[in-house]
Amino acid sequence: MLICFSLKWICKVNSITLWEEERYTDGSKWRFLEHKGPVFAPPYEPLPDKVRFYYDGKPMKLSAPAEEVATFFAKMLDHEYTTKDIFRKNFYKDWRKEMTSEEKSKITDLNKCNFSDMNEYFKAQSEARKQMSKEEKLKIKEENERLLQEYGFCIMDNHKERIGNFRIEPPGLFRGRGDHPKMGMLKRRIRPEDIIINCSKDSKHPKPPPGTKWKEVRHDNKVTWLASWTENIQGSIKYIMLNPSSRIKGEKDWQKYETARRLKKCVDRIRAQYRDDWKSKEMRIRQRAVALYFIDKLALRAGNEKEEGETADTVGCCSLRVEHIKLYPKLDDQEYVVEFDFLGKDSIRYYNKIPVEKRVFKNLQLFLENKQPEDDLFDRLNTSILNKHLQELMDGLTAKVFRTYNASITLQQQLKELSCSDDSIPAKVLSYNRANRAVAILCNHQRAPPKTFEKSMQNLQTKIDEKQNQLSAARKQLKAAKADHKASHDDKSKKAVEVKRKAVQRIEEQLMKLQVQATDREENKQIALGTSKLNYLDPRISVAWCKKWAVPIEKIYNKTQREKFAWAIDMAEKDYEF
DNA sequence: CGTAGGACTTGGTCTGATGGGA
DNA sequence: TCCCATCAGACCAAGTCCTACG
């Protein structure tokens, strides 16, 4: 990227606010980096003898390694996935690797294994944890705090920064999401010998636990991570990195939104270009143009290729297959409708029916010709081709910038449309949430309906019913008061009418509020707002909106979010335009 | 060019803490 | 004061995109 950002960064060091400007132009991320290394998962504690594992109805004492892996399964017994074939198969295979040869020959069928005693034990344990006294709980809290203070921070250049994840992931059974072919496999324990430490040469290097060694200590200031290890399920690398509140993350975030704002300036040109490309003589260009249209209009993800059989079968735009779309020349009263139905990231279903322009429709028909359902829709396109093209259209442009751009611009537009100066603060916050929701829907950010959803909806409905009863009672009283007044025509009865009228009005308002709340909650049933708020919406839009409408920023961002967006809170004035 | 590895962002779910109402 | 719904934060999986290598 050609643009060199120089962000004035506010740092609070010993409660003194410093302004600092330092940017590296050679691609290095820091000069000085010092930390204490990661915190390892606690060692395995064998079960008390009274907690039994049964094989084929008979109690059996397991060796510690086999027992540990068995407890991972036992803890999950209530989960549906322990009943799934693939999960059981993968677990059993990996479990056997931990058994002694004696155990291996004895245990030959997972179906004959009974973990329920172990399961009960863990349930009792977690129950006991809940029942702990205040003092015990406080002690744990203090210990956690101590760990955080010791391992949770590092020094990067001149600042003490919070580390995002300083604890190493404990061993367990890999779950994965959706139909993952590796679900149930054993995620092995990470030892110091697996860890690569990254820090600066002139720093105090972290010490490995007594009697152990790090895999390697390196001093690579072209990267931001403090420690890494290779995970055994996919063979990918995991990292320990800084918290979103850190300078290095904040700056990157800011940069991301600046790129999206540059897209705003040239999006018209790019749109005109891809519309033109729909007519191209070359198939690859038409495919590229239609894919880009989807990415822009529907905020689809790029859709990298994935290794088959290694992960769940999910797709994004470039990896869409014929089976994922249906074309309707006419549907109800709309023309040229495309129906999308596929599993995206995290196996979240994307389902949408949208009318498209005739040219797009005709192109899609062309792309589908002579193909099987499992064939690629865009067989002449992949993310690297697409991104190369985008790079030529604008410096730093990639497919995901469209998601950021469209999310942020939508928020800004919606806020403009929905905000009303006469509204109370709660009403304004509601408008904000609605705007946020519009974005979440665009980005297809879904959640499983909360477990207590039905119940809490019912509670709310009960309240509404009660309010309604109150209202009709109040109306009756008003009517009676009116009749009374008509009969007597005195001052006292006149006042009574007024009182009753006010009461009706107040109850009507309360009812309205409840109904709005119910609508809001219902609309939010399957929508997750957090992801867009955290990753797609330029925080300066929200900060400016708060300033403009005199809404306290705390109503929009909680403490963590305010820390993450400190740069924006400091930067944006009420007239900020994305 | 295609591929693999590496670094970093984005994502949903689960759990324990919290705080408001009975 | 207790209970329960809500929320923040932890957790860790799963994407994107870039670079180096053959």
Side-chain angles (χ1 to χ4, degrees), chain A residues 1 27 29 41 79 126 129-130 132 137 140-141 144 148 152 164-170 172 174-178 180 182-183 187 196 198 220 222-225 228 230-231 233-244 248-249 252-253 255-256 295 301-307 310-312 314-319 343-348 382-388 390-391 396-404 407 440 443-453 455-457 459-460 463 521 526-536 557-564:
Chain A
M1 191 165 306
K29 307 286 170 63
H79 261 106
S126 88
R129 223 170 307 131
K130 274 182 214 154
M132 274 187 311
K137 280 186 181 168
I140 292 175
K141 207 175 165 186
N144 277 332
L148 173 68
N165 55 326
F166 58 93
R167 285 168 203 275
I168 301 278
E169 295 170 19
F174 176 80
R175 173 56 186 91
R177 303 209 243 266
H180 199 115
K182 300 195 171 184
M183 64 168 85
K187 218 168 64 154
I196 301 173
N198 194 34
D220 181 358
K222 297 285 194 283
V223 298
T224 66
W225 52 268
S228 73
T230 301
E231 151 271 343
I233 303 287
Q234 325 269 0
S236 65
I237 307 169
K238 298 238 175 174
Y239 302 92
I240 286 181
M241 288 185 188
L242 296 192
N243 188 275
I248 206 153
K249 293 285 186 191
K252 200 77 190 297
D253 208 32
Q255 215 178 97
K256 174 181 78 186
I295 284 170
R301 295 187 187 83
N304 285 306
E305 290 116 297
K306 302 167 64 177
E307 215 177 323
E310 292 293 298
T311 58
T314 63
V315 297
C317 186
C318 293
S319 49
L343 296 182
K345 182 177 178 180
D346 293 309
S347 293
I348 298 291
N382 62 39
T383 55
S384 120
I385 296 171
L386 179 66
N387 280 337
K388 218 163 269 164
L390 292 176
Q391 185 59 232
L397 187 61
T398 62
K400 84 187 184 89
V401 178
F402 282 89
R403 250 167 104 81
T404 312
C443 293
N444 198 41
H445 290 141
Q446 298 188 30
R447 61 167 181 175
K451 281 196 187 83
T452 53
F453 184 83
K455 204 176 148 206
S456 86
M457 256 348 246
N459 288 348
L460 200 53
K463 274 191 193 168
R521 199 175 296 179
Q526 304 205 63
I527 312 284
L529 300 183
T531 302
S532 50
K533 203 175 190 176
L534 241 41
N535 300 301
Y536 289 104
Y557 292 137
N558 67 32
K559 186 166 144 281
T560 325
Q561 293 164 339
R562 291 198 299 277
E563 280 164 12
K564 166 165 175 163

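The chains referred to below are lettered A, B, ... by the order of the sequence lines, with proteins before strands, and numbering in each begins at 1. Side-chain atoms are counted along with the backbone in the values below, which use heavy atoms only and exclude waters and symmetry mates. As the structure is a computational prediction, the values presented were derived from the model and not from experiment.
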Note to self: Reading DNA chain C from 5' onward, which residue's closest nucleotide shows up sooner: Gly164(A) or Thr311(A)?
What the structure shows: Gly164(A)

Next item on the list: Identify, with sequence neighbours excluded, every residue that meets salt bridge (Lys or Arg N to Asp or Glu O under 4.0 Å) alongside Lys238(A).
Entry: Glu169(A)

Item checked: Nearest-nucleotide comparison on DNA chain B, the residue closer to the 5′ end among Val223(A) and Ile348(A) -> Val223(A)

Check: Which atoms form the tightest heavy-atom contact between Asn243(A) and Lys249(A), and what is the distance?
Finding: O-CG, 3.5 Å

Item checked: Asn165(A) side chain to Met241(A) backbone, donor-acceptor under 3.5 Å -> yes

Item checked: Between dA13(C) (P) and Lys306(A) (NZ): distance, integer Å -> 14 Å

Checklist line | Nearest to side-chain heavy atoms of Lys256(A), which nucleotide of dT9(B), dG11(B), dT10(B) | finding: dT10(B)

Check: For Lys137(A), does the NZ atom have more than 12 heavy-atom neighbours from other residues, nucleotides or ligands under 6.0 Å away?
Finding: yes

Notebook entry, point to check: CZ of Phe174(A) versus C1' of dA13(C): gap in Å, rounded?
Noted result: 6 Å

Check: Is Ala448(A) touching bases, backbone alone, or none of the nucleic acid, heavy atoms closer than 4.0 Å?
Finding: sugar-phosphate

Check: For the side chain of Pro170(A), counting heavy atoms from C-beta on, which of dG12(B), dC8(B), dC12(C) is nearest?
Finding: dC12(C)

Checklist line | Touch class at under 4.0 angstrom, heavy-atom based, for Lys182(A) against every strand present | finding: nothing

Next item on the list: Would you mind classifying the nucleic acid contact of Gly303(A) as base, sugar-phosphate or nothing, using non-hydrogen atoms under 4.0 angstrom?
Entry: sugar-phosphate

Next item on the list: Figure out the CZ/C1' separation between Arg447(A) and dT10(B), and round it to whole Å.
Entry: 18 Å

Check: Closest nucleotide of DNA chain B for Ile385(A) versus for Asp346(A): which of these residues is on the 5' side?
Finding: Ile385(A)

Note to self: Please report the distance, rounded to the nearest Å, between NZ in Lys187(A) and P in dC11(C).
What the structure shows: 11 Å

Next item on the list: Quick one: label Ser384(A) by what it contacts on the DNA or RNA (base, sugar-phosphate, nothing), any heavy atom closer than 4.0 Å.
Entry: nothing

Check: Does dA14(C) have OP1 or OP2 sitting under 4.0 Å from an N or O in the side chain of Ser347(A)?
Finding: no

Checklist line | Of the listed nucleotides dG11(B), dT13(B), dT9(B), the one nearest the side chain of Arg177(A) | finding: dG11(B)

Check: Are any of Arg175(A)'s side-chain N or O atoms less than 4.0 Å away from OP1 or OP2 of dA14(C)?
Finding: no

Check: Near Lys222(A) NZ, under 6.0 Å, is it more than 12 heavy atoms from other residues, nucleotides or ligands?
Finding: yes

Sub-3.5 Å pairs of nitrogen or oxygen atoms, protein against nucleotides 2-6 of chain C:
unit_1, atom_1, unit_2, atom_2, d
dA5(C), OP1, Lys455(A), NZ, 2.6
dT6(C), OP1, Arg521(A), NH1, 3.2
dT6(C), OP1, Arg521(A), NH2, 3.4

Write out a two-atom table: protein N or O, nucleotide N or O from nucleotides 15-22 of chain B, distance below 3.5 Å.
none

Notebook entry, point to check: Is there a side-chain contact between Asn444(A) and Ile348(A), using heavy atoms and a 4.5 Å cut-off?
Noted result: yes

Checklist line | Least distance between heavy atoms, Leu390(A) atom then Thr398(A) atom | finding: CD1-C, 3.5 Å

Check: Nearest heavy-atom pair of Ile233(A) and Lys182(A): which atoms, and what distance?
Finding: O-NZ, 2.9 Å

Notebook entry, point to check: With respect to the side chain of Glu169(A), which nucleotide from dC8(B), dG12(B), dC12(C) is positioned closest?
Noted result: dC12(C)

Check: Do side-chain atoms of Gln391(A) reach the backbone of Gly396(A) as a donor and acceptor pair under 3.5 angstrom?
Finding: yes

Notebook entry, point to check: Does OP1 or OP2 of dG11(B) have a side-chain N or O of His445(A) closer than 4.0 Å?
Noted result: yes

Check: Roughly how far apart are Asn198(A) CG and Ile240(A) CD1, rounded to 0.5 Å?
Finding: 11.5 Å

Check: With a non-hydrogen cut-off below 4.0 angstrom, is Lys388(A) in contact with a base, only sugar-phosphate, or nothing?
Finding: nothing

Note to self: From NZ of Lys249(A) over to P of dC8(B), roughly how many Å is that when rounded to an integer?
What the structure shows: 7 Å

Notebook entry, point to check: Would you find a donor on one side and an acceptor on the other, under 3.5 Å apart, between the side chain of Glu231(A) and the backbone of Ser236(A)?
Noted result: yes

Check: So, for His180(A) and Glu310(A), which heavy atoms are closest and what is the spacing to 0.1 Å?
Finding: NE2-O, 3.2 Å

Notebook entry, point to check: Quick one: Asp220(A) CG to dG5(B) P, roughly how many Å, whole number?
Noted result: 19 Å

Notebook entry, point to check: Heavy-atom contacts under 4.0 Å between residues 233-242 of chain A and DNA chain C, which residues?
Noted result: Gln234(A), Lys238(A)

Check: Do Phe174(A) and Gln234(A) have side-chain heavy atoms sitting under 4.5 Å apart?
Finding: yes

Item checked: 5' precedence on DNA chain C between Lys345(A) and Gln561(A) (nearest-nucleotide basis) -> Gln561(A)

Protein-nucleotides 17-19 of chain C N/O pairs under 3.5 Å:
unit_1, atom_1, unit_2, atom_2, d
dC17(C), OP1, Thr398(A), OG1, 2.8
dC17(C), OP1, Ala399(A), N, 3.3
dC17(C), OP1, Lys400(A), N, 2.7
dC17(C), OP2, Asn387(A), ND2, 3.1

Next item on the list: Look up atom CG in Asn535(A) and atom CZ in Arg403(A), then write down how far apart they are to the nearest 0.5 Å.
Entry: 9.5 Å

Next item on the list: Write down the distance between OH (Tyr536(A)) and C1' (dT9(B)), rounded to a whole number of angstrom.
Entry: 8 Å

Notebook entry, point to check: In terms of the angle between their ring planes, are Tyr239(A) and Trp225(A) parallel, tilted or perpendicular, with boundaries placed at 30° and 60°?
Noted result: tilted

Margin query: If the condition is ring-ring contact (aromatic ring centres under 6.0 Å, His included), which residues does Phe166(A) pass it with, not counting sequence neighbours?
Written below: none

Check: Could you state the CD-P distance from Gln255(A) to dC8(B), rounded to the nearest angstrom?
Finding: 12 Å

